[in-house]
**Q** 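Encoded as structure tokens, here's the structure I'll be asking about.
Just the heavy atoms: all of them, side chains too, but no hydrogens, waters or symmetry mates, feed the values below.
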Amino acid sequence: MALRVYNTFTGEKELFVPLTPGKAGMYVCGVTVYDYCHIGHARAGVVFDIIFRYLKYAGYDVTYVRNYTDIDDKIINRANQEGTDYRTIADRYIAAFDEDMARLGLEKPTIEPKATDHIGGIISIIETLIAKGHAYVSAGDVYYAVETFPDYLKLSGRNLEEMQAGARVEVGDKKRHPMDFALWKGSKPGEPWWQSPWGDGRPGWHIECSAMSMEFLGKTFDIHGGGKDLVFPHHENEIAQSEGANGCQFVRYWLHNGFVNINAEKMSKSLGNFFTIREVLKKYDPETLRFFILSAHYRSPIDFSDQNLDEAQSGLERIYACLAALDDVLSTHPPLSEMTEADNLSPVGQELQEKAHQFISRFVESMDDDFNAAQALGVLFETVRAANRFLAEMKDATPHTLALLATVRQLFVESGSVLGLFTTAPALWLEGIKSAKAGQIEIAPEEIERLIEERAAARAAKNFKRGDEIRDLLLAQGIQLLDSAQGTTWDVK
RNA sequence: GGCGCGUUAUCCAAGAGGCUAGGAGCCGGUCUGCAAAACCGUUAACGUCGGUUCGAAUCCGACACGCGCCUCCA
């Protein structure tokens, strides 16, 4: 068992060797809290959630820090628009973020610091950078002098000349070099401010992450994550700040998740083609959204569309239906013992036993390979098929077959705890999906029930023509009748 | 323009030199009065052209197409 992770810095998968054996320090850029989160945030949240969970599962003592950037131009702009103060805006969207992430089933990080609680640390790093000649004061602002840091742009693999050629960076008279970036911004009247050696002001974007990561994880730590779009400039600037101030390596492994696309184009605030998490969750179950995110590798782009979400839901339903069937058998015949040795199992039973035996090692192998959740889901589906086959042919439950089924059920609990799936009782989840769909139909459930009764009567009288008529009538309204030995139920197509 | 990534069957999506990925769908079967649902089975692919190799989706090169970053972004 050896975890390998793709490091943006080297562009290769590397063996994960933590700084301190048995421990892992991870910092992930959270959000700037000025608006509701979109599904791009959902992806980043879910991706690093399973990375956090898997590191713990693999036995590491993980310290996971995810920040809130609660002071920034955008927050101030928003506050001005609404005629309120920045704190009101920040607190509102912190609460909204927490709510959205909780609905997506994210575990709480170890620490969730706020930038404004770390102004002291921020000032202290800036002072060090000035003392070391990496930063300079200019008319109440402080800027980082990128030319003093030879490794600048080493993460994104660019160079300063190239950047300037295509960039439309304004050569402000306050900056010495157009690529210099603000560490501290003097406050204008009416803006929030903190006291500093350079006058009243507020931190620039980037410096808060250097300060908070150092505070909780030290000068050097294992994993730093975030969306691909943060590679430049955010993470590049963090490196310049932290390594410039501390004179040692900042981060050992840089992990970046891919984008969410809409119609094969990047979704973003600036393009205006984004969906908020809460919009999406009105239509889709949170676990469906999570399952959709996990169905592709975290570094690949994923295309968000109704069709893809519908497919994700079908796939998840398949697993849940199998789990419900397992629960059904196990609740009526509680297993007496742990799994015993194979006693004349059928070939189908042997296949299931085989799948159960290999399950964890195959799951771990997938996750060890740069958190390949999509491949891990393949392992789950193969097990579902084997279990369904077994259930279909199982006549009576022997202690051994029950123990086998209980083992299989437990494997889904275990893998589900890493993937953040199957947290709901299967029967309940399936019921939830059904009633969510029922909310979208026109016809009243009482009317459906009445027609079902009428159809049952017609069928009892062998009047199949009338019976089929009713069936077609309901189908035209999106109501699918499900006949079974126990009677007729219905579902929304 | 610079840098980087991708192209896998009808669609989504893993895999990265020889080993059944998987899901949705199609089709076939079981069930059913007939269907549907469910379950089972089954099908098919590696952008194009060259090269390396006993063997290439997989490695190398060229080309085509698509995308991303270079400006706030997860």
**Q** Once you apply a heavy-atom cut-off of 4.0 Å, does A:Ser366 come out as touching a base, just sugar-phosphate, or nothing?
**A** nothing
**Q** Looking only at the side chains, is there a donor atom on one of A:Tyr86 and A:Arg78 sitting less than 3.5 Å from an acceptor on the other?
**A** no
**Q** Side-chain N or O of A:Arg389 less than 4.0 angstrom from OP1 or OP2 on B:G41?
**A** yes
**Q** Using a 4.0 Å heavy-atom cut-off across all strands, classify A:Gly40 as base, sugar-phosphate, or nothing.
**A** base
**Q** Considering every strand and a 4.0 Å limit on heavy-atom distances, what is the contact class for A:Arg385: base, sugar-phosphate, or nothing?
**A** sugar-phosphate
**Q** So if I take every side-chain heavy atom of A:Leu482 and compare against B:G33, B:C70, B:A37, which nucleotide ends up nearest?
**A** B:A37
**Q** So what does A:Asn308 hit on the nucleic acid, given a heavy-atom distance under 4.0 Å: a base, only sugar-phosphate, or nothing?
**A** sugar-phosphate
**Q** A:Gln350: which residues meet the side chain to side chain contact (heavy atoms under 4.5 Å, CB included) condition with it, sequence neighbours left out?
**A** A:Leu345
**Q** Classify the nucleic acid contact of A:Val260 as base, sugar-phosphate or nothing, counting any heavy atom under 4.0 Å across all strands shown.
**A** base
**Q** Would one find a side-chain N or O of A:Asn388 under 4.0 angstrom from OP1 or OP2 of B:C40?
**A** yes
**Q** Between B:C40 and B:U53, how many Å separate the two C1' atoms, rounded to a whole number?
**A** 42 Å
**Q** Please determine if a side-chain N or O atom of A:Arg471 lies less than 4.0 Å away from the OP1 or OP2 oxygen of B:U32.
**A** no
**Q** Taking the P atom in each of B:C60 and B:G4, what is the distance between them to the nearest angstrom?
**A** 14 Å
**Q** Please check the phosphate of B:C11 (OP1 and OP2 only) for any side-chain N or O of A:Ser305 closer than 4.0 Å.
**A** no
**Q** Decide if the gap between the ring center of A:Tyr253 and the ring center of A:Phe16 is smaller than 6.0 angstrom.
**A** yes
**Q** On RNA chain B, compare the nucleotides closest to A:Cys322 and A:Asp303; which residue's is nearer the 5' end?
**A** A:Asp303
**Q** May I ask you to say what A:Gly30 touches in the nucleic acid, namely base, sugar-phosphate or nothing, with a heavy-atom cut-off under 4.0 Å?
**A** sugar-phosphate
**Q** Go through the steps for A:Met394 and A:Val329 under the test side-chain contact (heavy atoms from CB on, under 4.5 Å), then give the verdict.
**A** CA-CA 10 Å; A:Met394 193 177 77; A:Val329 174; 3.9 Å; yes
**Q** Sticking with atom C1', work out how far B:A64 lies from B:G47, rounded to a whole angstrom.
**A** 8 Å
**Q** The side chain of A:Ala392 is closest to which nucleotide in this list: B:C39, B:A14, B:C69?
**A** B:C39
**Q** Could you tell me how far B:A56 sits from B:A45 if I compare only their C1' atoms? Round to whole Å.
**A** 15 Å
**Q** If you measure from the C1' atom in B:C12 to the same atom in B:G6, how many Å do you get, rounded?
**A** 16 Å
**Q** Under the side chain to side chain contact (heavy atoms under 4.5 Å, CB included) rule, collect the residues that match up with A:Ser361, sequence neighbours excluded.
**A** none
**Q** Report the residues that fulfil side chain to side chain donor-acceptor pair (under 3.5 Å) with A:Asn7, sequence neighbours left out, ordered by chain and then residue number.
**A** A:Glu14
**Q** Within less than 4.0 Å of OP1 or OP2 of B:A74, is there a side-chain N or O belonging to A:Lys269?
**A** no
**Q** Going by side chain to side chain donor-acceptor pair (under 3.5 Å), A:Arg299 matches just one of A:Asp370, A:Thr8, A:Asn257. Which one?
**A** A:Asp370
**Q** So, is B:A57 syn or anti if syn means the angle is within 90° of 0?
**A** syn
**Q** Determine the contact category for A:Ala296: base if any of its heavy atoms lies under 4.0 Å from a base atom, sugar-phosphate if only primed atoms, P, OP1 or OP2 are that close, otherwise nothing.
**A** sugar-phosphate
**Q** For A:Glu382, give me all partners under side chain to side chain contact (heavy atoms under 4.5 Å, CB included), at least two apart in sequence or on another chain.
**A** A:Lys355, A:Arg362, A:Arg385
**Q** Below 3.5 Å, does any donor atom in the side chain of A:Asp468 face an acceptor in the base of B:A35, or the other way round?
**A** no
**Q** Starting at the 5' end of RNA chain B, which residue's closest nucleotide do you reach first, A:Gly258 or A:Phe291?
**A** A:Phe291
**Q** Any salt bridge linking A:Arg450 with A:Glu453? Criterion: basic side-chain nitrogen under 4.0 Å from a carboxylate oxygen.
**A** no
**Q** Are the side chains of A:Phe149 and A:Tyr144 in contact, using a 4.5 Å heavy-atom criterion?
**A** yes
**Q** Could you check how far NE2 of A:His206 sits from C1' of B:U71, rounded to whole Å?
**A** 11 Å
**Q** Does the B:G23 base have a donor-acceptor partner in the side chain of A:Glu311 within less than 3.5 Å?
**A** yes
**Q** Can you give the dot-bracket line for RNA chain B, using ( ) for pairs inside the strand, [ ] for pairs that cross earlier ones, | for pairs with another strand and . for unpaired bases, where Watson-Crick and G-U count if both distances are under 3.5 Å?
**A** (((((((..(((.....[...)))..((((.......)))).....(((((..]....))))))))))))....
**Q** Between B:U30 and B:U42, how far apart are the two C1' atoms, rounded to whole Å?
**A** 15 Å
**Q** In whole Å, I'd like the distance from the CD atom of A:Glu265 to the C1' atom of B:C69.
**A** 15 Å
**Q** From the options B:A35, B:A74, B:A16, select the nucleotide whose nearest atom is closest to the side chain of A:Asp483.
**A** B:A35
**Q** What integer number of Å spans the P atoms of B:C59 and B:A14?
**A** 16 Å
**Q** Describe the nucleic acid contact of A:Leu481 in one word from base, sugar-phosphate, nothing, applying a heavy-atom distance below 4.0 Å.
**A** base
**Q** Over how many whole Å does the gap from A:Asn261 atom CG to B:U7 atom P extend?
**A** 14 Å
**Q** Could you give the CZ-to-C1' distance, from A:Phe381 to B:A21, as a whole number of Å?
**A** 12 Å
**Q** Take the protein atom CZ of A:Arg459 and the nucleotide atom C1' of B:A36, then report the distance between them rounded to whole Å.
**A** 11 Å
**Q** My understanding is that only residues two or more places apart in sequence, or in another chain, count here; which of them pass side chain to side chain contact (heavy atoms under 4.5 Å, CB included) with A:Ser305?
**A** A:Gln307, A:Asn308
**Q** What's A:His297 touching, base or sugar-phosphate or nothing? Going by heavy atoms closer than 4.0 Å.
**A** sugar-phosphate
**Q** For the pair made of CD in A:Gln307 and P in B:G23, what is the distance, rounded to whole Å?
**A** 17 Å
**Q** Roughly how many Å apart are B:C3 and B:C54, using the C1' atom of each and rounding to a whole number?
**A** 39 Å
**Q** Across the strands shown, which category fits A:Ser268 at heavy-atom distances under 4.0 angstrom: base, sugar-phosphate, nothing?
**A** base
**Q** State which of B:A36, B:G33, B:A74 makes the closest approach to the side chain of A:Gln480.
**A** B:A36
**Q** Starting at atom CZ of A:Phe464, determine the distance to atom P of B:A35, rounded to an integer number of angstrom.
**A** 12 Å
**Q** Tell me: CG of A:Leu153 to P of B:G4, nearest whole Å?
**A** 14 Å
**Q** For the base of B:G23, is there a side-chain donor-acceptor partner from A:Arg318 under 3.5 Å away?
**A** no
